[in-house]
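Working notes, structure below.
Values in this document were obtained by computation on a predicted structure and should not be read as measured data. Here is how names work: the chains are called A, B, and so on, in the same order as the sequence lines, proteins then strands, and each is numbered from 1.
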Amino acid sequence: DGGITQSPKYLFRKEGQNVTLSCEQNLNHDAMYWYRQDPGQGLRLIYYSQIVNDFQKGDIAEGYSVSREKKESFPLTVTSAQKNPTAFYLCASSQGGTNRETQYFGPGTRLLVL
Amino acid sequence: AQTVTQSQPEMSVQEAETVTLSCTYDTSESDYYLFWYKQPPSRQMILVIRQEAYKQQNATENRFSVNFQKAAKSFSLKISDSQLGDAAMYFCAYSFNTDKLIFGTGTRLQVFP
């Protein structure tokens with residue numbers, strides 16, 4: 001089955017720790033995205049990548065980092081510089097990275113701070 | 001700046017009835033795309049329907065249809081013959097450029113039997 005997988009489903013972070021959220025897609029999509037969802041708010045864009053080895057900051061990139069070494073993978077690292085990381089994180093992908101393309105979402109990862 | 005506003009935090013509907021969810025947006029662009037996404041309790045975002053701004057015809061997908069009023073910058077979602085499985089958060093989203101979807105804050109829809 002084609003789709004987007006995210007792991008883990010739940011992740012706990014200790015103070016000062018970096019953690020990495022996984023996102024994999026087998027849809028052969030060029031573009032991938034990371035969003036953050038907080039209660040009572042819509043999704044906000046963290047980072048996006050339209051092609052391998054290239055990515056751009058979204059609206060709330062501070063305290064996060066990404067890599068895009070393979071077309072199917074776009075991991076997100078939440079660094080210790082992100083002071084309020086507790087949120088639900090959603091990964092998405094689209095065929096060509098233009099506004100014509102629909103973005104399809106993974107099941108999400110909930111990050112909690114211990 | 002482009003913004004998306006959903007003014008109804010919560011809505012409810014009885015099974016088999018029709019409900020309309022509101023969405024307005026602010027943009028100075030003429031070519032853009034609008035979307036409605038559904039987020040059930042599983043929290044995975046599911047595309048419900050999309051509308052290209054250059055198309056005057058309102059998009060429909062089975063029981064879901066939109067009322068797209070470009071001049072008024074309004075994009076409402078109508079759900080006909082509501083089912084219990086329609087209960088979810090619904091997000092309106094706007095896309096102009098390659099880099100982002102701009103989301104509203106969502107409307108929680110409850111469906112009563």
Side-chain angles (χ1 to χ4, degrees), chain A residues 1 3-10 23 25 27 29-51 54-61 66 87-112, chain B residues 1-10 21-27 29-55 59 61 64 66 75 88-108:
Chain A
D1 288 338
I4 303 171
T5 57
Q6 291 185 241
S7 62
K9 188 172 182 178
Y10 297 96
C23 177
Q25 54 97 1
L27 300 168
H29 284 174
D30 289 319
M32 297 186 74
Y33 310 81
W34 273 106
Y35 291 90
R36 170 178 171 144
Q37 185 178 25
D38 293 283
Q41 297 190 35
L43 280 66
R44 293 181 291 167
L45 183 68
I46 304 172
Y47 267 99
Y48 66 101
S49 168
Q50 293 175 284
I51 195 169
D54 188 42
F55 49 83
Q56 287 77 41
K57 293 181 179 180
D59 295 323
I60 54 167
V66 294
F88 188 62
Y89 292 86
L90 285 154
C91 177
S93 70
S94 66
Q95 181 67 49
T98 72
N99 66 333
R100 296 178 185 83
E101 308 292 342
T102 296
Q103 291 184 24
Y104 296 92
F105 287 80
T109 292
R110 176 170 290 281
L111 176 61
L112 298 168
Chain B
Q2 291 106 354
T3 58
V4 176
T5 301
Q6 293 180 251
S7 58
Q8 305 155 318
E10 289 192 10
L21 308 184
S22 300
C23 173
T24 59
Y25 56 94
D26 185 22
T27 184
E29 306 299 331
S30 59
D31 184 18
Y32 50 86
Y33 290 76
L34 295 163
F35 305 83
W36 278 98
Y37 280 91
K38 170 185 178 180
Q39 188 178 42
S42 67
R43 302 204 69 178
Q44 181 157 8
M45 298 286 280
I46 302 165
L47 177 69
V48 175
I49 200 165
R50 60 176 268 167
Q51 174 81 42
E52 292 88 346
Y54 64 86
K55 289 187 178 180
E61 285 289 342
F64 299 88
V66 299
F75 183 60
M89 284 290 290
Y90 286 82
F91 291 93
C92 178
Y94 159 95
S95 173
F96 156 65
N97 209 338
T98 61
D99 57 353
K100 64 181 68 174
L101 277 172
I102 299 172
F103 285 85
T105 52
T107 296
R108 181 175 300 282

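Shown here for Gln44(B) and Gly106(A), the closest heavy-atom pair between the two residues is CG-O, 3.6 Å. Of all the heavy atoms in Phe91(B) and Gln41(A), the pair that sits closest is CE2-O, 4.0 Å. Closest of all the heavy-atom pairs between Arg43(B) and Leu90(A) is O-CD2, 4.0 Å.
By number of non-hydrogen pairs under 4.5 angstrom with chain A, the leading residue of Met89(B), Gln39(B), Gln6(B) is Gln39(B).
The environment of CD1 in Ile51(A) is sparse: at most 12 heavy-atom neighbours from other residues, nucleotides or ligands sit within 6.0 Å. By the 6.0 Å contact criterion, CZ on Phe103(B) is enclosed, its count of non-hydrogen atoms from other residues, nucleotides or ligands being greater than 12.
Side-chain contact between Thr102(A) and Tyr37(B) is present, with heavy atoms from C-beta onward closer than 4.5 Å.
The side chain to side chain contact (heavy atoms under 4.5 Å, CB included) test applied to Gln56(A) returns Tyr48(A), Gln50(A), Asp54(A), not counting sequence neighbours. Lys55(B) meets the side chain to side chain contact (heavy atoms under 4.5 Å, CB included) test with Gln51(B), Glu52(B); sequence neighbours excluded.
Atom-to-atom distance recorded for Tyr33(A):OH and Leu101(B):CG is 7.5 Å, nearest 0.5 angstrom.
When heavy atoms are compared at a cutoff of 4.5 Å, Arg44(A) does not approach chain B at all.
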